[in-house]
Amino acid sequence: MVIKLYGVSQSRATVRAATILVEKDVPFEFISVDFSHKEHKSPEYLKKQPFGQVPYLNDDGFILYESRAIGRYIAEKYADQGPALIPTELKAKAIFEQAASSELANFNPYASQIWKEVVRPRKLGQEPNLTAFSKLDIELSAKLDVYDDILSKQRYLSGNEISLVDLFHLPFGSGLPLAGSELLDKKPNVARWWKDISSRPSWIAVKDGVKSTA
């Protein structure tokens, strides 16, 4: 049975999960969830995703939600297919988990809020909150100074091989230039890393919207 990914084509979390599926060369059927008719709040939907959010995955009856959890599941189920994305050696995996925690604590809160305050309003024809953006951009700059130092010593955030951690940054990181931030260009090691991960075919395939690959 083909894996089914339920979500909204351009939602950042849906795009994150789809990136991993494509990176691991796993065919999937994309099923669009109709937010305009509150399909995500229907009793049937809430049986699968109790928070009424997107995405969720159906793998032959196994239901899983949260995009990062979906990414981990796909990476481990298809470990021998495509790049590993999660190291197996104990210390390497610990460093991977350290980097994953850093993405969630030190990157995502700022980049996702910039998307919410600036990118999304512009897409909807609304006024962006530039005051909030200025503050968030300064705060994120300090975090990316640490990234730049880490990336001066290794190719990717958890070592010299690409991992889920790097790919997790793509959906909201891609919004920074759209918001007017120059952070991804100004820091040399971050810029090298960003050019690398954002040119991957898996990201190019889904960045403008998720579609079925099966």
Side-chain angles (χ1 to χ4, degrees), residues 1-33 40 45-90 92-105 107-108 111-112 155-175 193-194 196-214:
M1 181 178 176
V2 173
I3 285 175
K4 295 180 180 180
L5 182 67
Y6 291 74
V8 174
S9 178
Q10 294 191 17
S11 94
R12 297 298 85 193
T14 304
V15 168
R16 181 182 291 115
T19 301
I20 311 306
L21 285 159
V22 176
E23 183 73 35
K24 296 295 282 184
D25 197 24
V26 178
F28 67 95
E29 179 184 356
F30 176 64
I31 299 174
S32 181
V33 178
H40 59 304
Y45 189 89
L46 292 172
K47 290 178 184 177
K48 309 293 194 306
Q49 217 298 2
F51 294 99
Q53 299 167 349
V54 291
Y56 79 81
L57 176 144
N58 184 336
D59 184 9
D60 197 17
F62 173 65
I63 305 298
L64 186 67
Y65 55 88
E66 293 296 337
S67 61
R68 292 172 181 81
I70 291 170
R72 282 173 162 83
Y73 173 73
I74 293 299
E76 296 201 72
K77 179 173 181 177
Y78 299 94
D80 297 328
Q81 191 167 301
L85 299 184
I86 300 177
T88 55
E89 190 275 326
L90 178 62
K93 189 170 185 180
I95 295 297
F96 162 81
E97 293 295 352
Q98 173 181 267
S101 294
S102 291
E103 183 269 331
L104 202 55
F107 182 84
N108 188 71
S112 64
R155 188 174 178 186
Y156 298 106
L157 287 171
S158 63
N160 287 317
E161 301 296 330
I162 194 163
S163 75
L164 286 177
V165 172
D166 305 290
L167 302 179
F168 285 169
H169 287 75
L170 286 163
F172 284 119
S174 65
W193 165 76
W194 184 257
D196 181 330
I197 65 171
S198 63
S199 64
R200 294 186 76 81
S202 59
W203 173 245
I204 292 170
V206 303
K207 67 184 181 70
D208 295 322
V210 179
K211 298 177 181 178
S212 295
T213 63

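In this chain, residues are counted from 1 in sequence order. Please read all numbers here as calculations on a predicted model, not as lab measurements.
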Only counting residues at least two apart or in another chain, list the ones meeting side chain to side chain donor-acceptor pair (under 3.5 Å) with [X].
{"X": "Tyr73", "result": "Asp59"}
{"X": "Thr19", "result": "none"}
{"X": "Trp193", "result": "Asp166"}
{"X": "Ser174", "result": "none"}

Please examine the side chains of [Y] and [X], heavy atoms only from C-beta on, and report whether any two atoms are closer than 4.5 Å.
{"X": "Val210", "Y": "Phe28", "result": "yes"}
{"X": "Trp203", "Y": "Leu167", "result": "no"}
{"X": "Leu157", "Y": "Ser102", "result": "no"}
{"X": "Ile3", "Y": "Leu57", "result": "yes"}

Donor-acceptor pair, side chain of [X] and main chain of [Y], under 3.5 angstrom:
{"X": "Thr14", "Y": "Ser9", "value": "no"}
{"X": "Glu66", "Y": "Ala69", "value": "no"}
{"X": "Ser212", "Y": "Phe30", "value": "yes"}

(message) My understanding is that only residues two or more places apart in sequence, or in another chain, count here; which of them pass salt bridge (charged side-chain N to carboxylate O under 4.0 Å, His left out) with Glu103?
(response)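 For Glu103 the salt bridge (charged side-chain N to carboxylate O under 4.0 Å, His left out) partners, ignoring immediate neighbours, are Arg68.
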(request) With sequence neighbours left out, write down each residue that passes salt bridge (charged side-chain N to carboxylate O under 4.0 Å, His left out) with Arg72, or none if nothing qualifies. (result) Glu97
side-chain contact (heavy atoms from CB on, under 4.5 Å) against [X], all qualifying residues, sequence neighbours excluded:
{"X": "Ala79", "answer": "none"}
{"X": "Val33", "answer": "Tyr6, Phe35, Glu39, His40, Tyr45, Val54"}
{"X": "Ile63", "answer": "Lys48, Tyr56, Asn58"}
{"X": "Glu161", "answer": "none"}

Closest non-hydrogen atom pair, [X] against [Y]:
{"X": "Ala92", "Y": "Pro87", "value": "O-CG, 3.5 Å"}
{"X": "Ala17", "Y": "Ile70", "value": "CB-CG2, 4.0 Å"}
{"X": "Ala13", "Y": "Ser67", "value": "O-CB, 3.3 Å"}
{"X": "Pro55", "Y": "Tyr65", "value": "O-CB, 3.7 Å"}
{"X": "Pro83", "Y": "Ile162", "value": "CB-CG2, 4.3 Å"}
{"X": "Val206", "Y": "Ala18", "value": "CG1-CB, 4.0 Å"}

(message) Holding to ring pair (Phe, Tyr, Trp, His ring centres under 6.0 Å), I want the full list of residues that pass it with Phe107, two or more places apart in sequence or in another chain.
(response)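 With sequence neighbours excluded, Phe107 shows a ring pair (Phe, Tyr, Trp, His ring centres under 6.0 Å) to His169, given in chain and number order.
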Return the [atom1] to [atom2] distance between [X] and [Y], rounded to the nearest 0.5 Å.
{"X": "Lys24", "Y": "Tyr78", "atom1": "NZ", "atom2": "OH", "value": "10.5 Å"}
{"X": "Leu21", "Y": "Arg16", "atom1": "CG", "atom2": "CZ", "value": "13.5 Å"}
{"X": "Leu5", "Y": "Thr213", "atom1": "CG", "atom2": "OG1", "value": "9.5 Å"}
{"X": "Ser32", "Y": "Gln10", "atom1": "OG", "atom2": "CD", "value": "10.5 Å"}
{"X": "Arg12", "Y": "Asn108", "atom1": "CZ", "atom2": "CG", "value": "12.0 Å"}
{"X": "Ser202", "Y": "Ile197", "atom1": "OG", "atom2": "CD1", "value": "9.5 Å"}

(request) Please indicate whether Phe51 has more than 12 foreign heavy atoms, meaning atoms of other residues, nucleotides or ligands, lying under 6.0 Å from its CZ. (result)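 At most 12 heavy atoms, drawn from other residues, nucleotides or ligands, come within 6.0 Å of this atom.
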(message) For Lys93, I'd like to know if atom NZ has over 12 heavy atoms of other residues, nucleotides or ligands within 6.0 Å.
(response) no
(request) Can you tell me which residue pairs pass the salt bridge (Lys or Arg N to Asp or Glu O under 4.0 Å) test with a partner in residues 196-214, sequence neighbours excluded? (result) Glu23-Arg200, Arg155-Asp196
